[in-house]
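We're numbering straight along the sequence, starting at 1. Both ligands and their constituent atoms are indexed starting at 1 by order of listing. The structure presented is a predicted model; accordingly, all values stated were derived computationally and were not measured.
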Amino acid sequence: MVTLPHPAPAAIGISPPEDTPYAGVIVLDVDATDLDRKIFRVRETVPVARAGNLTLLYPKWLPGYHSPDAPIELFAGLIIRADDQELTWRRDAVEMHAFHIDVPEGVTSLNLEFEFLSPTSPTQGRVVVTPEMLNLQWNTVLLYPAGYFSRGITVAPSITLPPGWEFGCALSVASRSEATTWFDPVQLDVLVDSPMFAGRYFRRIVLDAAGEVHLNIVGDSVDLLCATEEQIEPHRALVTQADALFGARHFDRYEFLLALSDELGGIGVEHHRSCETATVPNYFTDWGASAPKRDTIAHEYTHSWNGKYRRGADSWTPTFEKPIRNSLMWVYEGQTQYWGQVLAARSGLWTKQMAIEALAQTAASYDIRQGRRWRTLSDTTRDPIIAARSPLPWASWQRSEDYYSEGQLVWLEIDTLIRQLSDESRSLDSFARAFFGMDDGSFVTRPYDFAEVVDTLGAIVDYDWTGFLTQRLQGKAEGAPLAGIGRGGYELVYRDTQSDFGIASNTALNKIDLMFSLGLLLSSNGAIQEVIWESVAFDAGVVAGSTIVAVNGRSFTGDEIKRAISEARNGGAIDLLVQNGKRHRTVSICYPGGMRYPHLLPIAGTRRRLDDILSPR
Ligand SMILES: [Zn+2]
């Protein structure tokens, strides 16, 4: 008789976290001077109170990423000693981020050595070290003991940087030598939430009267740091406008970390008392061209309130091995996307017209996303775990992290609805003040749930907010939720010319936007980045990953394909020679619609609430 298989017995357990302090202070020394090899070398001393099994963990689920995104594959060279004796470690059979050790009798501390082998090429992951700058994320260079809440574990960190480098970081400095900086001991969760940008070329600018908010800039070269007073001013106004919006600060200091580089990997990640933003090298030196990127900094700053101080209850976890759940990301990211663009306009980082043109682009892009027919907005909150921002063959059908921008459209609906229902006496500003503006000075995260969002809205203006939000989050529909644009005094229309913002945005991203005509998003060399589901191009069998080589028998250029689309208005086909790997084929597309780009036009005789929303406080 055959014995059917049964599961193997469980491996060694990992102690669940408890809300008690870990005895002693972990000392963490990071050497970040190996710029050639991009290697961080770490020595860590972990006090131990008793003999027996100890599990050390590499942080796995990181707030701000909303996913188990930690680069465990880049963690190497682990050697653990007790006094002079090397101990054997065993990786957990199931949890690859966990290392088990048997601590011998009489041992009071463990000495760890290991490296974080940061990527030497973008193909291996995000590049965080260049000859001129580095981005240290403490979660990549530490192990912590299992069994304790992060807030119960105290770490005394230090960093050794290349000679002459300066840094921005929200940790407070205890002492400095020429090369090494020692920071005050800090809770593990605060340490992981306090990354560093350091560089050969560094500039630090105070942004507020209290001296609490700073802009720390590193650049590929010294000339990139030459921000003018006119350029710094809107960054100062961002701080003022956020104060006016939220009415309280939940930090003792805030450090904008801004890298101007085409070598450091791109990033925009929020923290409670800082944010990491890596953007184009010419952020200041070609101010006009960098305009489309400038809402990022307003977005990340908003997160100090929305996402860090206030956080969806299921997104808060006691420690980094516990899975993060994302059910309220339509608040965390959706309303932050909304305030990021509104604050960009209120502060002058954007003109009002740029904000309106950006909104037109968002509204139109989401209006053609067919994925809403099968997948709810609520379900997209799982996408950081499902897709983790990997390229998708049919993004408009699969959907991705749509809670950002579709969430933004929903919050515009809510803002305009509150204004209409309250005879313009209340707005989403009232919600921001009530929901984010309590307990000035407190850093302690306050979790919330769906009911608190509904109750806060209901206290501002009486309405069936549960019904409204349930429909938006759980409903399926054709087309994006655009009612806020109409109530804002505008309508979405299509013209054959592109807005200035659209042009600047496409230029900055090296894209050709044919999404609203053929249903294609191209690189400037004809490479197809996206084909919109059920568009004209979709019907012709064109797919992302292929390249348009020729248009109507002529070599591909952006102008050539736009001319072909315009000429096809009078009848006749658009012939595309498309290459996919070794294969070429010609597709013939009949499309008489001409070039189409989205715009928002004011509706005559209606109140332009959108203008009110975008005006400075
Ligand atoms: Zn965000």
Side-chain angles (χ1 to χ4, degrees), residues 61-67 69 126 135 137 139 170 192-195 197 238-239 241-242 245-246 250-251 254-259 265-279 292-312 314-317 324-347 349-350 355 358-359 361-362 365-366 377-378 380-389 399-412 428 431-432 435-436 445 447-448 453:
W61 287 82
L62 302 172
Y65 293 83
H66 323 295
S67 64
D69 205 32
R126 181 175 162 258
N135 176 191
Q137 296 171 324
N139 56 282
V192 168
D193 196 45
S194 304
F197 277 17
L238 170 62
V239 178
Q241 290 297 324
L245 175 62
F246 298 117
H250 303 295
F251 47 77
Y254 190 93
E255 307 291 337
F256 286 100
L257 308 177
L258 180 64
I267 190 171
V269 171
E270 66 278 13
H271 301 283
H272 201 135
R273 300 185 302 149
S274 62
C275 64
E276 297 164 283
T277 307
T279 186
K293 309 266 190 186
R294 286 207 290 268
D295 65 318
T296 307
I297 210 162
H299 176 108
E300 302 307 346
Y301 191 46
T302 301
H303 272 314
S304 181
W305 289 265
N306 184 10
K308 290 299 172 181
Y309 175 60
R310 299 306 314 266
R311 195 174 313 168
D314 64 3
S315 282
W316 184 89
T317 56
I324 293 171
R325 286 162 292 161
N326 295 323
S327 70
L328 288 149
M329 292 297 284
W330 52 277
V331 184
Y332 182 125
E333 290 295 358
Q335 198 177 127
T336 297
Q337 189 68 9
Y338 184 74
W339 288 128
Q341 298 202 352
V342 168
L343 287 173
R346 289 185 186 175
S347 64
L349 286 164
W350 278 359
L359 181 60
Q361 189 73 26
T362 299
S365 304
Y366 281 79
L377 180 60
S378 178
T380 71
T381 63
R382 277 69 182 260
D383 228 57
I385 302 165
I386 295 170
R389 299 193 178 180
R399 311 195 79 179
S400 55
E401 297 176 0
D402 289 12
Y403 51 84
Y404 276 83
S405 294
E406 194 169 312
Q408 175 192 4
L409 296 171
V410 170
W411 286 109
L412 175 64
L428 200 65
F431 176 88
F435 200 73
F436 303 111
T445 294
Y448 61 84
V453 177

S.K.: Is the distance from the ring center of W305 to that of Y301 below 6.0 Å?
M.R.: yes

S.K.: Verify whether the ring centers belonging to F436 and W339 lie closer than 6.0 Å.
M.R.: no

S.K.: What's within reach of the Zn ion (ligand 1), meaning protein N/O/S atoms under 2.8 Å?
M.R.: H299 NE2, H303 NE2, E333 OE1, E333 OE2

S.K.: Is it true that E401 and R389 have a side-chain N and a carboxylate O under 4.0 angstrom from each other?
M.R.: yes

S.K.: Taking atom types as modelled and ignoring hydrogens, do the side chains of Q341 and H299 form a donor-acceptor contact shorter than 3.5 angstrom?
M.R.: no

S.K.: Going by salt bridge (Lys or Arg N to Asp or Glu O under 4.0 Å), name the pairs with one or both residues in residues 334-347, residues two or more places apart or in two chains.
M.R.: R346-D429

S.K.: Does a donor on one side chain and an acceptor on the other come within less than 3.5 Å for Q408 and Y366?
M.R.: no

